[in-house]
Amino acid sequence: MGRCWSQTLPLKTQKVLTSVLSFPSGAPTSACVDMMPRHGGVQPKPNPAPYTIYPSSTTFQTGKPITVVIKGPDYSGVLLEARSGSDSKAIGTWQTPPTNTKFLACSGNQQGAITHANTNIKNNSTVYTWIPPATAKNVVFKATVAQQRTVFWVDVMSSTLTSSEGGTSLDVYSSAERIVTSSLLLLVVLLVIVRYQVA
């Protein structure tokens, strides 16, 4: 929120006030890799988090949208990415951000992540839409979710999604192999029958 996923009041105003007020407006690009909020020494809450990431499918195909919902208590802050395996690079492209959220440029992609645009409530009805890239074989959705500035969780992860294109290819090859094997067996049987009849 700004430097800590937040922005502070001008220096002159800070001198007048006894405390610094924050106005969360989204995660910075510096949080893309570790997904850790810059909250001035505030540490994340221990996992397991009270949140679960639910993708609309356990498989994906290049270019076909996957919707994602973060289920749990209402939350105000979020940083959501898709990753492949243990790679820290955000992959794929997020579509139009839901209300009260916005794109965050990560891994050189202007739509590589989604973060909050303000502190308004996001909840189980907030739906994110992601488009898979052509290169991914497996994908996991990873999020940092904040209820407030001092209450947040990192490493909230979905189950792993696998490419259905790879599975389809393997199935095709397996089916072809079974057909060829069956044809060869039939040919051998016919040859045996012909030889027996000739003898």
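Note: Gln147 CD to Ser76 OG = 8.0 Å, rounded to the nearest 0.5 Å. Rounded to the nearest 0.5 angstrom, Asp74 CG and Ser125 OG are separated by 9.0 Å. Of the inter-residue distances, the one linking Glu165 atom CD with Thr59 atom OG1 reads 10.0 Å to the nearest 0.5 angstrom. Taken from CD1 in Ile66 to OG1 in Thr58, the straight-line distance is 8.5 Å, to the nearest 0.5 Å. Distance OG1/Thr119 to CG/Asn100: 8.5 Å, rounded to 0.5 Å. Between atom CD1 of residue Ile70 and atom CG of residue Leu80 there is a gap of 5.0 Å, rounded to the nearest 0.5 Å.
Figure legend: Lys71 and Tyr54 shown as a cation-pi pair, the cationic atom lying under 6.0 angstrom from the six-membered ring centre and within 45 degrees of its axis.
Two residues are said to be in side-chain contact when any heavy atoms from C-beta on lie closer than 4.5 Å; Pro44 and Trp153 fail this criterion. Here the side chains of Arg149 and Val42 are in contact, with some heavy-atom distance below 4.5 Å. Between Pro132 and Thr62 the shortest side-chain heavy-atom distance does not fall below 4.5 Å.
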Exercise. Please report the C-alpha distance between Val139 and Arg83 in whole Å, then the side-chain angles of each, then the deciding distance to 0.1 Å, and finally whether the side-chain contact (heavy atoms from CB on, under 4.5 Å) criterion is met.
Key: CA-CA 6 Å; Val139 168; Arg83 296 185 175 183; over 6 Å; no

Exercise. Show your working on side-chain contact (heavy atoms from CB on, under 4.5 Å) between Ser84 and Asn138 and close with a plain yes or no.
Key: CA-CA 6 Å; Ser84 181; Asn138 57 75; 4.0 Å; yes

Quiz item: How far apart are the C-alpha atoms of Thr67 and Trp130, what are their side-chain angles, what is the distance that settles it, and do they pass the side-chain contact (heavy atoms from CB on, under 4.5 Å) test?
Solution: CA-CA 6 Å; Thr67 57; Trp130 177 77; over 6 Å; no

Quiz item: Checking side-chain contact (heavy atoms from CB on, under 4.5 Å) for the pair Cys32/Leu104: CA distance, chi angles, key distance, verdict?
Solution: CA-CA 8 Å; Cys32 285; Leu104 179 66; 4.0 Å; yes

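Taking all atoms of both residues into account, the shortest heavy-atom contact from Ala113 to Glu81 is CB-CG, 3.7 Å. Thr150 and Lys45 get closest at one heavy-atom pair: O-CE, 3.9 Å. Counting all heavy atoms, side chain and backbone alike, Asn47 lies closest to Val154 at ND2-O, 3.1 Å. Among all heavy-atom pairs drawn from Met35 and Thr144, the shortest one is O-OG1, 2.5 Å. The two residues Asn109 and Gln111 make their nearest non-hydrogen contact at OD1-N, 2.9 Å. For Ala49 against Val156, the heavy-atom pair with the smallest separation is CB-CG2, 3.8 Å.
No side-chain donor-acceptor contact under 3.5 Å links Tyr75 and Gln148. Between the side chains of Gln61 and Ser164, at least one donor N or O lies within less than 3.5 Å of an accepting N or O.
No single ILVMFWY cluster, assembled from side-chain heavy atoms under 4.5 Å apart, contains both Val140 and Leu79. Hydrophobic cluster membership is shared by Leu161 and Tyr51, with clusters built from Ile, Leu, Val, Met, Phe, Trp and Tyr side chains linked at under 4.5 angstrom. Linking ILVMFWY residues whenever their side-chain heavy atoms come closer than 4.5 Å, directly or via other members, places Val145 and Val151 in the same cluster.
Under a 3.5 Å cut-off, the side chain of Asp155 and the backbone N or O of Ala143 do not form any donor-acceptor pair. A donor-acceptor pair under 3.5 Å links the side-chain atoms of Asn124 to the main chain of Gly72, judged by distance alone. The backbone N or O of Ala117 lies less than 3.5 Å from no partner atom in the side chain of Thr101, so there is not a single donor-acceptor pair. Panel note: side chain Thr129, backbone Gln95; no donor-acceptor pair is recorded below 3.5 Å. Looking only at distances, no side-chain donor or acceptor of Trp94 sits under 3.5 Å from a matching main-chain atom of Lys102. Proximity of a side-chain donor or acceptor of Ser158 to a complementary backbone N or O of Phe141 within less than 3.5 Å is detected. No side-chain donor-acceptor contact under 3.5 Å links Asn118 to the backbone of Ser25.
Residues that satisfy the side-chain contact (heavy atoms from CB on, under 4.5 Å) test with Ser107, not counting sequence neighbours, are Lys89, Ala90.
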